[in-house]
Amino acid sequence: MTPALTSEQVCETGLFIARLQGEDGALPWFVGEQWDAWNHTEALMGLTIAAHVSRETGSPRVNHTAEQLSERARLGLQHLRETQREDGSWPMRVRDGVVEQDESDTNQCAYPAVGVWHLALVTGAGRGDGPDRGILAENWPMVRAAIRHVLTAQRDDGTIAWAINRRGGLGDHALLTGNASILQSLWAAAAIADTLGHIDDAASWRESGARLAAAVRQVELFADRRRFSMDWFYPVLGGALVGDHAATHLRRDWDRFVIEGQGVRCVDDRPWVTGGESAELVMALCCLDGTPHEDRARREARAVFADLQHTRDTSGGYWTGYVVDDDAVWPVEQTGWSAGAMLLAADALDGLTPAANFFHAMTWLARTPSHSAARDHEEPR
């Protein structure tokens with residue numbers, strides 16, 4: 001089977017991400033653009049994948065060694081540790097080290113747990129000895145503080161408010177995509193806590209995750225953003241919907257969001273396909289592995305990924321979006337998080353690293369009997 005990306009392409013995209021990184025380890029959207037913890041984490045996971053592939057293939061065209069790419073991923077985590085605030089948060093938006101929005105976005109603050117777990121899996125499993133406990137231990141205080149901060153925003157209905165201001169006040173609504181992404185982060189944080197023996201934290205976070213998963217299955221609890229494709233597939237990618245429920249959910253709105261031969265719309269009323277959403281749909285489809293829907297989902301995932309390769313640039317980066325009717329790239333930018341998402345999707349498709357089933361594994365945590373989140377038998381709403 002033709003690979004989603006060749007080894008050289010994976011390494012080129014890793015080098016593209018590395019070129020965006022500042023000396024302090026920050027990975028902005030692109031050079032001179034804003035920084036936030038979620039998109040920074042997505043990009044550094046791309047670095048982790050490219051480093052592993054570089055190490056495995058020894059591609060002669062790679063200008064940075066695998067060790068250097070790995071070091072850049074670790075530098076990215078160091079930047080998160082050094083810029084985390086005392087309450088466990090990061091600012092919503094920073095540019096060139098200057099805070100532009102000092103509130104915290106709960107989804108942004110939760111996501112570094114995913115990046116830590118991912119790096120530990122790739123590094124440790126690559127040596128054959130399980131998650132790298134050194135990486136987990138080094139980043140545990142950061143993860144614990146961040147998750148505790150985020151969970152101060154969990155409401156009585158299980159949802160998590162989208163923002164927290166510097167006085168501790170909560171945003172007045174919750175976002176479905178953001179909450180589904182936080183669910184991923186809670187699974188990852190609980191796995192980290194389990195590995196390090198912090199059993200009470202793990203149990204508490206799984207209970208919070210169970211409440212959040214139940215909420216994510218109730219779309220009426222969230223701000224109405226149904227025109228956005230992320231609100232369609234993120235409940236599957238985050239693990240709130242699994243198995244038959246997940247397959248039915250994705251099938252229901254497929255034609256509304258997928259433009260065959262082009263990719264996935266960002267919003268349902270515009271002919272604008274975007275790389276990040278397309279790559280994330282690929283990962284959501286791969287979450288159907290191990291179900292009767294796996295073969296079809298895998299075929300569709302490969303097709304969507306292949307369709308998006310027209311947005312790949314010779315730099316190794318990807319244009320953020322493409323307006324089909326105008327045959328035009330828009331916006332004219334190549335972001336680190338788009339590149340990171342593409343590498344995560346390629347890994348899910350082709351098993352490039354020991355963490356290839358990373359997101360799928362987190363969705364199945366919801367079905368493990370020992371976890372209180374095992375409530376997928378409930379009908380989704």
Side-chain angles (χ1 to χ4, degrees), residues 1-5 45 49 114 117-118 121 176-177 179-181 183-188 191 209-210 212-214 216-217 219 228-260 263-265 275-308 341-369 371 373-381:
M1 182 179 293
T2 302
L5 292 176
M45 287 194 288
I49 293 167
V114 174
W117 185 235
H118 181 261
L121 287 177
L176 180 58
T177 294
N179 274 228
S181 178
L183 189 56
Q184 290 178 334
S185 301
L186 288 174
W187 299 153
L212 180 57
V216 169
R217 292 191 284 268
V219 66
F228 289 86
S229 61
M230 289 191 295
D231 268 20
W232 164 50
F233 59 76
Y234 245 97
V236 176
L237 183 57
L241 297 178
V242 297
D244 291 344
H245 294 327
T248 299
H249 180 80
L250 292 177
R251 185 62 40 214
R252 185 179 302 129
D253 286 322
W254 184 271
D255 292 338
R256 185 155 70 96
F257 289 113
V258 178
I259 302 179
E260 300 297 335
V264 177
R265 298 175 189 261
E277 281 78 356
S278 299
E280 288 173 327
L281 175 60
V282 169
M283 290 182 265
L285 288 164
C286 290
C287 289
L288 293 174
D289 284 1
T291 75
H293 313 281
E294 177 178 350
D295 289 346
R296 178 176 182 175
R298 282 270 168 178
R299 288 195 303 271
E300 290 173 335
R302 284 195 176 274
V304 169
F305 191 87
D307 289 346
L308 244 289
M342 286 291 181
L343 293 184
L344 285 163
D347 192 15
L349 288 171
D350 289 334
L352 303 176
T353 78
N357 72 336
F358 181 61
F359 291 109
H360 172 244
M362 286 196 288
T363 70
W364 282 86
L365 282 173
R367 307 193 73 171
T368 304
H371 296 171
R375 300 177 183 174
D376 64 292
H377 60 280
E378 298 175 10
E379 285 296 324
R381 304 183 189 180

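Keep in mind the model is a prediction, meaning the values are calculated, not measured.
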Engineer: Taking C-beta and beyond as the side chain, do Phe359 and Asp347 meet within less than 4.5 Å on heavy atoms?
Structural biologist: no
Engineer: How long is the gap from CG on Leu5 to CG on Leu343, to the nearest 0.5 Å?
Structural biologist: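 With rounding to 0.5 Å, CG (Leu5) is 7.0 Å from CG (Leu343).
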Engineer: Specify the closest pair of heavy atoms between Leu241 and Ala246, including all atoms of both residues, with the distance to one decimal.
Structural biologist: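 Nearest pair, atom of Leu241 first, then Ala246: O-CB, 3.5 Å.
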Engineer: What pair of heavy atoms forms the shortest contact from Ala180 to Val216, and how long is it?
Structural biologist: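 Scanning both residues completely, I find the closest heavy atoms to be N-CG2, 4.1 Å.
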Engineer: Rounded to the nearest 0.5 Å, how far apart are OG of Ser185 and CH2 of Trp117?
Structural biologist: 14.0 Å
Engineer: Can you name the closest pair of heavy atoms from Ala284 and Val236 and give their distance?
Structural biologist: O-CG1, 3.7 Å
Engineer: Rounded to the nearest 0.5 Å, what's the gap from OG on Ser229 to CG on Leu281? Could you check?
Structural biologist: 8.0 Å
Engineer: Do you know which two heavy atoms are closest between Leu288 and Gly243, and how far apart they sit?
Structural biologist: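 What the structure gives for the nearest pair is CD2-O, 3.7 Å.
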Engineer: Step by step, would you call Arg302 with Asp350 a salt bridge (charged side-chain N to carboxylate O under 4.0 Å, His left out)?
Structural biologist: CA-CA 10 Å; Arg302 284 195 176 274; Asp350 289 334; 2.5 Å; yes
Engineer: Nearest 0.5 angstrom please: Glu280 CD to Met342 CE, how far?
Structural biologist: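 Between Glu280 CD and Met342 CE, I get 10.0 Å after rounding to 0.5 Å.
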Engineer: Given side chains that start at C-beta, do those of Pro235 and Leu176 come closer than 4.5 Å, heavy atoms only?
Structural biologist: yes
Engineer: Should Phe257 and Glu277 be marked as a side chain to side chain contact (heavy atoms under 4.5 Å, CB included) after you check the CA-CA gap, both sets of side-chain angles, and the distance that decides it?
Structural biologist: CA-CA 10 Å; Phe257 289 113; Glu277 281 78 356; over 6 Å; no
Engineer: With the side chain counted from C-beta on, respond yes when Trp232 and His249 share a heavy-atom pair under 4.5 Å apart, and no when they do not.
Structural biologist: yes
Engineer: Compare every heavy atom of Ala210 with every heavy atom of Trp187, then report the nearest pair and how far apart it is.
Structural biologist: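 In this case the closest contact between Trp187 and Ala210 is CH2-N, 4.4 Å.
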Engineer: Please round to the nearest 0.5 Å and tell me the distance separating atom CG of Leu212 and atom CZ of Arg217.
Structural biologist: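 Rounded to the nearest 0.5 Å, the CG-CZ separation comes to 9.5 Å.
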Engineer: Considering only heavy atoms from C-beta outward, does the side chain of Leu237 approach that of Cys287 to under 4.5 Å?
Structural biologist: yes
Engineer: Look at the aromatic rings of His118 and Phe358 and report parallel, tilted or perpendicular, splitting at 30° and 60°.
Structural biologist: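 It falls in the perpendicular class, over 60°.
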Engineer: Calculate, to the nearest 0.5 Å, the distance between atoms CZ and CG belonging to Arg296 and Leu285 respectively.
Structural biologist: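 It is 10.0 Å, given to the nearest 0.5 Å.
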Engineer: Can you find a heavy atom in the side chain of Ile49 that is under 4.5 Å from one in the side chain of Leu344?
Structural biologist: yes
Engineer: Looking only at heavy atoms, which two atoms of Ala348 and Met283 are closest? And how far apart?
Structural biologist: CB-CG, 4.5 Å
Engineer: List in chain and number order the residues that pass side-chain contact (heavy atoms from CB on, under 4.5 Å) with Thr177, two or more places apart in sequence or in another chain; answer none if no residue qualifies.
Structural biologist: Met230, Asp231, Tyr234
